[in-house]
Amino acid sequence: MLKLNCKNSDSKLIGYEQGLNLEEEFNSYAERIADIIRGLNQRKDKPGEWLQWMNLGYNEETVWYVKEYASLVKGRFDNILVLGIGGSALGGLALTEALLKPYWNLLTKEQRSNFPRIFFLDNIDPDSINGLLEVLDLKKTLVNVITKSGDTAETMSQFMVIKDLMQNALGDDYRKNIVATTDKKTGILRQLADQEGYKIFYVPDDIGGRFSVFSSVGLVPFALVGLDIDKIINGIKDIDLELKNTDIHQNIAAQYALVHYLMNTKKNKNISVLMPYSSRLKYIPDWYVQLIAESLGKAYNRAGEKVNTGITPVKALGATDQHTQLQLLNEGPNDKVVTFIKVGEFGTTLEIPKIFEYTGIGYMGGKTVNDLINAEACSTMVSLADNQRPSLTITIDKIDEYNVAQLIYMLEVQTAIMGELYNINAFDQPGVEQVRNYMYALMGRAGYEGSASSIKEKMCGII
Ligand code: PA5
């Protein structure tokens, strides 16, 4: 099971000015936290609460259909190409990077046990799209177009380009190379899938993109590349039970949320750095950035008061970013909480040969790279504490489907708890919609003519 150590945020270790008296705080917030956890679990099935992601550990029907589809298409495609953006891409990207063998796309088909390579197009850079299209044989590519709303311009523009090329290459058979993941009832992709006859998976109601990785949004690509989605689901089911515990002393999501909330509101620390010491986990911070930024960055609270809440999420990677960010973390403004992710047991061991013993690097000979990365993690933790900088440490036993799914789910639950502590709606994103509307106006979408002239006027002098 996932472990969380909060010791390095405690005033006993980093002093009263920067640290929290955790025992006192956990006790004084115990009732409020218990209410929040009870409240989330009571509201989770209520339409419009956007809490259906809390039920994804129990969605056996979808798991069955996804596995059936994956076994039907196994061996037919060399590549999976995921089209999606934000919450429709980041979870998939983070988990495939963590769970597939490193450098998956460079392995031979045999090394991949006949499972396809996987690519994510989560931007609309013409050069990178054209570059990828030069590399991929579309006839041997299964495109998974993922958009809950069904009309996200970035995703649907890519889809329009690729659908056209595919149809030219394959004729009417192109349909067999497309699987759509979208809303059950509404949206343009939903209509197109019906008209054109694409295989379709649904994103359940009341699940926002950034909380959707354990729905068909993530499960379809995971199953297509051979990840064990039963283990993923078992992982979140098991941790969901733990995180239903209303006692903050027993609930790591509640502890994580409360430490961040109090560090922000009492100690003025408004930056949250997530720093795994594992390259396989390197995209988890990208996913976390969206989760924290979109969920907690809000203008108004639930009472309608202007609050402008939020903490700024920052991604980092240990040990690499010891050589880029550590100087700032140790000596810059003391306005951050760093969360380390430490791996209990790596998948492999790499010994450092006993050579160059007569030089200053000889001390490493006979040790392992595993020892080295763990020593670097511990050294960073201790040095931050020496400088009265708060940190938390999550330990994940090993990098597999069960454990990484638990890590992701715990971070989702803690975000929901933080939203309640701030008394904001953690599940909407009004600040994103405004930009979408401006872009529709600029690109000439019908119904947005009015805003077109106003945005063009505002653009004068900026561009
Ligand atoms: O978390 C969110 O809701 C967003 O990041 C969306 O996932 C993103 O905007 C893509 O939306 P859609 O899935 O509708 O294409």
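Because the structure is predicted, anything quoted here is derived from the model rather than measured. Counting starts at 1 for both ligands and their atoms, following the listed order.
What sits closest to atom 4 (C) of ligand 1 on the protein, heavy atoms only, is Q290 NE2, 3.5 Å. The single protein non-hydrogen atom nearest to atom 3 (O) of ligand 1 is G209 N, 3.3 Å, given as residue, atom name and distance. Among protein heavy atoms, the minimum distance from atom 15 (O) of ligand 1 is reached at T152 OG1, 2.5 Å. When only non-hydrogen protein atoms are considered, atom 10 (C) of ligand 1 lies nearest to I85 O, 3.3 Å. Atom 9 (O) of ligand 1 has R436 NH2, 3.5 Å as its closest protein atom, hydrogens excluded (heavy atom only). Summary of contacts: the protein heavy atom closest to atom 13 (O) of ligand 1 is S88 OG, 2.7 Å. From the protein, the heavy atom lying nearest to atom 7 (O) of ligand 1 is G87 N, 3.0 Å.
We find that D35 and R32 are not joined by a salt bridge, their nearest charged nitrogen and carboxylate oxygen being 4.0 Å or further apart. D78 has a carboxylate O that lies under 4.0 Å from a charged side-chain N of K109, or vice versa, which qualifies the two as a salt bridge. The pair K315-D321 fails the salt-bridge criterion, with no side-chain N (NZ, NE, NH1 or NH2) lying under 4.0 Å from an Asp/Glu carboxylate O.
Heavy-atom contacts of G86 reach the following atoms of ligand 1: 5 (O) (cutoff under 4.0 Å). Those atoms of ligand 1 that come under 4.0 Å of a heavy atom in E294, given as number and element, are 1 (O), 2 (C), 4 (C), 5 (O).
In terms of N/O distances under 3.5 Å, ligand 1 is not approached by T155.
Between W50 and F427, the distance from one ring center to the other does not fall under 6.0 angstrom.
A cation-pi contact, defined as under 6.0 Å to the ring centre and within 45° of the axis, is absent between K298 and Y300.
Relative ring orientation between Y277 and F340 is described as tilted, the plane-to-plane angle lying within the 30° to 60° band. Taking the six-membered ring for Trp and thresholds of 30 and 60 degrees, Y174 and Y198 have ring planes more than 60 degrees apart, a perpendicular arrangement.
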